[in-house]
Amino acid sequence: MTKLKWRTAITDHVDKEPYLRGYRLLDLVGKYSFSQVAYLALKGELPTPAEARVLDAMFVSVIDHGVAVPSVVADRVVISGGNPLHVGVAAGILTFGEAHGGAIESAARVFQRTAALEGEVADLARERVAQSRAKKERLPGFGHRYYKEADPRTAKMFAIAKEENFYGRHCALAEAMMVELKAQTGRSLVLNVDGGIAAIISDMGFDWRLGKGFFIIGRTVGLVAHGYEELTRERPFRRLTEDEMTYDGVPPRSLPEK
Ligand SMILES: CC(C)(COP(=O)(O)OP(=O)(O)OC[C@H]1O[C@@H](n2cnc3c(N)ncnc32)[C@H](O)[C@@H]1OP(=O)(O)O)[C@@H](O)C(=O)NCCC(=O)NCCS
């Protein structure tokens with residue numbers, strides 16, 4: 001029988017010590033920040049100070065967004081059912097889908113594939129928006145339940161990306177698409193935090209398939225905080241109250257005669 005072999009270019013053990021991307025882990029400890037080492041793990045090289053600052057800005061931007069979002073509700077409800085911290089946090093992470101955090105991947109794919117085409121950003125944006133409208137598709141990374149004029153998190157991240165020279169063709173394309181969406185739909189569909197991260201990581205040279213990872217890393221901190229608060233401050237068994245639900249099925253009725 002052949003022996004199952006695993007391959008990795010991420011970590012190794014040398015003389016019983018862990019190495020990350022070729023660097024001795026203990027040499028990194030105390031010298032590099034969490035974001036810098038996260039960059040090393042994800043990209044394979046240590047970041048420049050500019051890359052580290054932009055990555056840090058993205059992690060901080062997504063750390064929390066209130067108690068009512070699907071991931072925090074799931075986290076707290078699962079813990080409230082009598083489960084430990086990690087189970088609640090895992091439940092929260094499982095809610096990350098296209099409408100919540102998960103659009104980074106698909107938005108980065110759209111930006112990377114469109115920006116790779118020849119042409120001016122404004123023309124590419126017009127064509128890509130028209131294409132999605134013809135297919136009746138929602139463009140990932142645009143629109144927000146609360147923010148109708150601008151997503152302030154995207155604005156802040158873009159300002160930092162500009163200061164550090166990471167506002168390139170992908171960020172410009174993303175903003176041009178937002179303008180086109182308004183022109184073609186008449187709706188204000190802001191470039192949301194997922195779309196902002198998707199554009200910046202694309203300008204930083206990350207593969208779109210890593211997209212959701214940036215949201216997972218940042219938001220998990222928030223989920224741990226919420227889970228811990230639920231565990232230590234709230235009584236178990238959260239449930240909806242009668243005035244929070246409606247029954248719209250058939251009224252009470254008798255069983256049919258046998
Ligand atoms: C985030 C989102 C769920 C917010 O939705 P919302 O503000 O409550 O808006 P609704 O889902 O009620 O949609 C309202 C209208 O805008 C349109 N719309 C919303 N987002 C759109 C998008 N990204 N692209 C195209 N049209 C969009 C809808 O089709 C709908 O049109 P209709 O009324 O003609 O059917 C929504 O904008 C979306 O699905 N965006 C794409 C996914 C995404 O980026 N998610 C990450 C969020 S941080």
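Predicted model only: the values in this text are computed from it and were never measured. Both counts, for ligands and for their atoms, begin at 1 and track the order of listing.
Using a 3.5 Å distance cut-off with no hydrogens or angles, the side chains of Asp151 and His144 do not pair a donor with an acceptor. Side-chain polar atoms of Glu175 and Tyr167 form a donor-acceptor pair below 3.5 angstrom.
At the top of the distance list for atom 24 (N) of ligand 1, counting protein heavy atoms only, stands Leu139 N, 3.0 Å. In this structure, atom 20 (N) of ligand 1 lies nearest to the protein heavy atom Leu189 CD2, 3.6 Å. Regarding atom 40 (N) of ligand 1, its nearest protein heavy-atom neighbour is Phe142 O, 3.0 Å. Of the protein's non-hydrogen atoms, the one nearest atom 46 (C) of ligand 1 is Asp194 OD2, 3.3 Å. Protein heavy atom at the shortest distance from atom 1 (C) of ligand 1 is Gly143 O, 3.7 Å.
At a heavy-atom distance under 4.0 Å, no atom of His100 approaches ligand 1. For Thr185, no heavy-atom contact with ligand 1 is shorter than 4.0 Å.
Counting only non-hydrogen atoms, the option in Arg187, Arg145, Gln184 that gets closest to atom 4 (C) of ligand 1 is Arg145. Nearest to atom 25 (C) of ligand 1 by heavy-atom distance, out of Lys148, Met178, Arg138, Glu98, is Arg138.
With respect to the salt-bridge test (charged N to carboxylate O, under 4.0 angstrom), the residues Glu234 and Arg238 qualify.
A 4.5 Å side-chain heavy-atom check between Tyr32 and Leu46 finds at least one atom pair inside the cut-off. At a threshold of 4.5 Å between non-hydrogen side-chain atoms, the residues Leu191 and Met177 do not count as touching. Using a 4.5 Å heavy-atom threshold, the side chains of Glu164 and Glu51 count as separate.
On a distance-only criterion, Pro140 and ligand 1 share no N/O pair closer than 3.5 Å. Of the polar atoms of Asn192, at least one N or O is found under 3.5 Å from an N or O of ligand 1, judged by distance alone. For ligand 1, the polar-atom distance check against Ala103 finds no nitrogen or oxygen pair separated by under 3.5 Å.
Listed by number with element, the atoms of ligand 1 under 4.0 angstrom from any heavy atom of Gly141 are 43 (C), 44 (O).
Aromatic pair Tyr39/Phe206: ring centres closer than 6.0 Å.
Between Phe215 and His100, the ring planes lie perpendicular to each other; the angle is over 60°, past the 30° to 60° tilted range.
Applying the 6.0 Å contact sphere to CD of Glu45 captures no more than 12 heavy atoms from other residues, nucleotides or ligands. Environment of CG in Asp243: crowded, with over 12 heavy atoms of neighbouring residues, nucleotides or ligands closer than 6.0 Å.
At a distance under 4.0 Å, no protein heavy atom can be found next to atom 35 (O) of ligand 1. For atom 6 (P) of ligand 1, a protein heavy-atom neighbour is present inside the 4.0 Å cut-off. The protein does not reach atom 9 (O) of ligand 1 closely, with no heavy atom under 4.0 angstrom from it.
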